[in-house]
Amino acid sequence: MSEKFTMLRATKWQTLNDCEMNQENFQALLRNDIPSIRIPQFASSEECYKLAASN
C-alpha cells in the first residue's frame, strides 16, 4: 500500500490574502511575493457557474 504525503515548502509570500489588481501587485505576483490577485466582478455569477460546471 502506498501512502501519499503532502510536502509543505516555506514561502516568501508577504500575505496569504488575495490582493487587488494594480501594477505593483501584478509585479509582486510575478515575483511570487503574493499568492493571488482577485478582480471583483470579473465574471458574473452565471459565468462562474458555467466555468465550474465545465470541469
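In what follows, every heavy atom counts, from backbone to side chain, and hydrogens, waters and symmetry copies are set aside.
Under the side-chain contact (heavy atoms from CB on, under 4.5 Å) criterion, Q41 pairs with no residue at all, not counting sequence neighbours. S45 pairs by the side-chain hydrogen bond (donor to acceptor under 3.5 Å, both in side chains) definition with nothing, not counting sequence neighbours. Listed by chain and number, the residues in a salt bridge (Lys or Arg N to Asp or Glu O under 4.0 Å) with D18 are R38 (sequence neighbours excluded).
Contacts classified as salt bridge (charged side-chain N to carboxylate O under 4.0 Å, His left out) and involving residues 25-36 (residues at least two apart or in different chains) are given here: K12-D33, R31-D33.
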Show me the donor-acceptor pairs, under 3.5 Å and distance only, between side chains in residues 21-29 and residues at least two apart or in other chains.
residue : atom : partner : partner atom : Å
N22     : OD1  : E24     : N            : 3.2
N22     : OD1  : N25     : N            : 2.7
N22     : ND2  : E20     : OE2          : 3.4
N25     : ND2  : E20     : O            : 2.8

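Under a hydrophobic-cluster definition in which Ile, Leu, Val, Met, Phe, Trp and Tyr are linked whenever side-chain heavy atoms come within less than 4.5 Å, directly or via other members, F42 and L51 are assigned to different clusters. The same ILVMFWY cluster, assembled from side-chain heavy atoms under 4.5 Å apart, contains both L30 and I39.
L16 belongs to a hydrophobic cluster whose other members, connected by ILVMFWY side-chain contacts under 4.5 Å either directly or through intermediates, are W13.
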